[in-house]
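One structure is given here, and the rest of the page talks about it.
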Protein chains: 2
Amino acid sequence: MATIADVARIAGVSLSTVSHVLNGTRFVRPETEKAVRDAIAATGYTPNSLARSLARASTNSVGIAISAVSNPYFSDIIRAVESECAALDMTIFLADTHDIPERELQVVQALHQHRVDGIILAPSTTSSERSVTYLRENKIPAVLVDRLVSAEFDQVGVYNAESVERLVDHLVGLGHRRIGMVPGQPGFATTLERIAGYRSAVARHGIDAEDDLIAPGSIDIDSAADSAEGLMRVAHPPTAILAGNNLATIGVMRGLRRGGFAVPRDVALVGFDDFDWADSFEPRLTVVAQPCLDIGRVAANLLLERIKDPDKPPTTTRLQTSLIVRDSCGSHLRRPASPNRDRNA
Amino acid sequence: MATIADVARIAGVSLSTVSHVLNGTRFVRPETEKAVRDAIAATGYTPNSLARSLARASTNSVGIAISAVSNPYFSDIIRAVESECAALDMTIFLADTHDIPERELQVVQALHQHRVDGIILAPSTTSSERSVTYLRENKIPAVLVDRLVSAEFDQVGVYNAESVERLVDHLVGLGHRRIGMVPGQPGFATTLERIAGYRSAVARHGIDAEDDLIAPGSIDIDSAADSAEGLMRVAHPPTAILAGNNLATIGVMRGLRRGGFAVPRDVALVGFDDFDWADSFEPRLTVVAQPCLDIGRVAANLLLERIKDPDKPPTTTRLQTSLIVRDSCGSHLRRPASPNRDRNA
DNA sequence: TTTCAAATGGCTACCATTGCCGATGTCGCC
DNA sequence: GGCGACATCGGCAATGGTAGCCATTTGAAA
């Protein structure tokens, strides 16, 4: 593998000149530049990014610490971040936190050791966890996505409570007064906010709010399925279920099907997070959709700003969700008194 | 940020000794080692991976060049690769090819410049494309996944033709004799193999094989939807449709719905690739499922072997798919003469 | 001849690794 | 007490590209 020294030797110039030609950091005569470029072509030289990053003290890369595994919802975010960064010739380190705090810390440390310029993190647990502490103590430019746990960092998420309230409003508008909830991952900031939104909406409408209507948090599809089955076995089972995220939604459907319940005939269902197949398969789900691409875009831009200016005050951004009404509540069957067939925020 | 020199100074030893303590590369007295470790703790020193990689000429990282964006099928593969690599303390560079040859080359070059130890690539086009040439010319350890385009590399994929043949067999077993196909991305090796499998099976059964039964390749969900609508408008529309991959399946459903056709009432549907929601939403799809986790696992291990021994002969691995029979062909309605309700390979 | 500018060379710090050679120090043995 | 054997560790160099600084060379203008 050719080095810059080889290029310099063949071009008959100094190391400095080759470097300056490569980076445009000072003027060189057109003839000299051509000699250098010819030598580069002849040797097939490509700069060693490691040495370059070492000297520049900047790697032109960002790390994404996210649970890309269990959460398909993140792939759109990653996609948007990748797209923004690629436009600026930055590369992406992807590391999977598996949503386990311990692993999350390891992953953040690994990214730091690789000297990424900044980190986008979806923190697993609620408050100042070790990984967040690590970011703060090492002054690593960072943006938190999805779960907003610390206002000392730049953060991007959605209005979780309000979105759930809109789902509850929708159900109440259709006449439902016993609404069950199958939340997402227990302990996550998003989960807590969404449960709070549920409680708030239910209280506002003055309808049933027994604790047995809220299932425990679900860690995967199957536990959500179990929760749904459990919900339908209580004394007065709900007439509608609200699923706390994409995996919970699939799980609830699986559980209901297993229990012999049809949606929306036996029970209505609304979900948090949309799917691109949701308009083609039955039951066509009524959901609130997150602007995943926007989240990723905003996160990437916030991070790049933060890298440029590490001392600017951190901002927390919440984006709007969209209520997409389809058929999973039977709203096309039993029309309510107050029709609210809104399609968008 | 502390450097190894700071540690050496505080511990009162040489640079060499600190390095040897860190890497266990030569014996040091327990007292000396303790002094070094104390100094590391005191300074909060973490080695600079860049300098380390530069000196070692190995980055302990692998690059994944894949279209993670448009293809959710790859997330399981990425997950498996990440898992295997994490166990060996290797990190992952993720770069998105967007399945565009030009971008694919850029991405491979970027990974190479970052001096990854090896690359896992899902090549977009059929034969020796520029990115594959680049890998070969620069002798980069590499494994090709999904689309098997060059036996000079290690490769991992599935039996595409055979899998499609099983789907056709299943349909024929149910009495279908006009079977349409909506293939995946045009030009991809997988697509060509799956079309070949379709043609072969159709010929073997001696049933209709007009060219208008094979739609053009679909680049996304919507183009697959258009293809499905188109298929249903031909003179003698098919009684069953075979979708060439996950996106095509969703697209076909969307198109059929738009055209007012119900599955399986008006037309049967089988798909390539399974979904984790497919057992809960209607129509419950009959599909062949790829062992994505295994593909990723095998790919990671092949790459690590290849890095260790760059000169061993390349191997091509094809894995078995599983036929999962559900309800999207109406097999639960009109039982055929020969019942083949097989659930697995 | 002096003066000046243009163009480029040379140098250095950045940082950890690793093998090699050399410099101590220590111990046992005669 | 002197000598060899060995344990332990220091010093050095090469690996790489960057970017700013100063020095140098060359040619042209004054």
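All heavy atoms count here, side chains included; hydrogens, waters and symmetry mates do not.
Rounded to whole Å, the distance from CZ on B:Arg29 to P on D:dT8 is 8 Å. Spacing between atom CZ of A:Phe27 and atom P of C:dA7 amounts to 4 Å, rounded to whole angstrom units. Distance B:Leu15 CG to D:dT8 P: 21 Å, rounded to the nearest Å. Look at CG on B:Asp6: it is 13 Å from C1' on C:dA16, rounded to the nearest Å. When the C1' atom of C:dC15 is taken as reference, atom CZ of B:Arg9 falls 15 Å away, rounded to whole Å.
In this view, A:His112 and A:Tyr134 satisfy the ring-ring contact (aromatic ring centres under 6.0 Å, His included) rule, not counting sequence neighbours. Listed by chain and number, the residues in a salt bridge (Lys or Arg N to Asp or Glu O under 4.0 Å) with A:Glu84 amount to none (sequence neighbours excluded). Residues satisfying the side-chain hydrogen bond (donor to acceptor under 3.5 Å, both in side chains) criterion with A:Arg306, sequence neighbours excluded, are A:Asp154. In terms of the side chain to side chain contact (heavy atoms under 4.5 Å, CB included) criterion, A:Ser83 has no residue partners (sequence neighbours excluded).
With C:dT17, D:dC9, D:dG17 as the candidates, the nucleotide lying closest to the side chain of A:Ile4 is D:dG17. Candidate nucleotides D:dT8, D:dT18, C:dA16 were compared by shortest atom distance to the side chain of A:Asn23, and D:dT18 ranks first. When distances run from any side-chain atom of A:Leu54 to the nucleotides C:dC15, C:dA16, D:dT18, the shortest one goes to C:dC15.
Pairs engaging residues 73-96 of chain B under the ring pair (Phe, Tyr, Trp, His ring centres under 6.0 Å) rule: A:Phe93-B:Phe93, B:Phe93-B:His114 [sequence neighbours left out]. The list of salt bridge (Lys or Arg N to Asp or Glu O under 4.0 Å) pairs with a residue in residues 17-36 of chain A, not counting sequence neighbours, reads A:Arg29-A:Glu31, A:Glu33-A:Arg37, A:Lys34-A:Asp38.
Within 4.0 Å (heavy atoms only), B:Thr3 reaches sugar-phosphate atoms of the nucleic acid but no base atom. Backbone-only contact: B:Val28 has heavy atoms under 4.0 Å from sugar-phosphate atoms and none from a base.
Within residues 30-52 of chain B, the residues having any heavy atom under 4.0 Å from DNA chain C are, by residue number, B:Tyr45, B:Asn48, B:Ala51, B:Arg52.
Under 4.0 angstrom from either OP1 or OP2 of D:dA19 there lies no side-chain N or O belonging to A:Ser19.
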Between side-chain atoms of residues 49-57 of chain B and protein atoms elsewhere (two or more places apart, or another chain), which donor-acceptor pairs fall under 3.5 Å?
unit_1  : atom_1 : unit_2   : atom_2 : d
B:Ser49 : OG     : A:Gln113 : O      : 2.4
B:Ser53 : OG     : B:Ser49  : O      : 2.8

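Checking B:Thr190, B:Leu192, B:Thr191 one by one against B:Arg147, the side-chain contact (heavy atoms from CB on, under 4.5 Å) holds for a single residue, B:Thr190.
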Please produce a list of atom pairs where a protein N or O lies less than 3.5 Å from an N or O of nucleotides 20-22 of chain D.
unit_1 : atom_1 : unit_2  : atom_2 : d
D:dC21 : N4     : A:Arg26 : NH1    : 3.4

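Look at A:Arg136 and A:Glu152 and you find a salt bridge, because one of the NZ, NE, NH1 or NH2 atoms lies within 4.0 Å of a carboxylate O, short of that distance.
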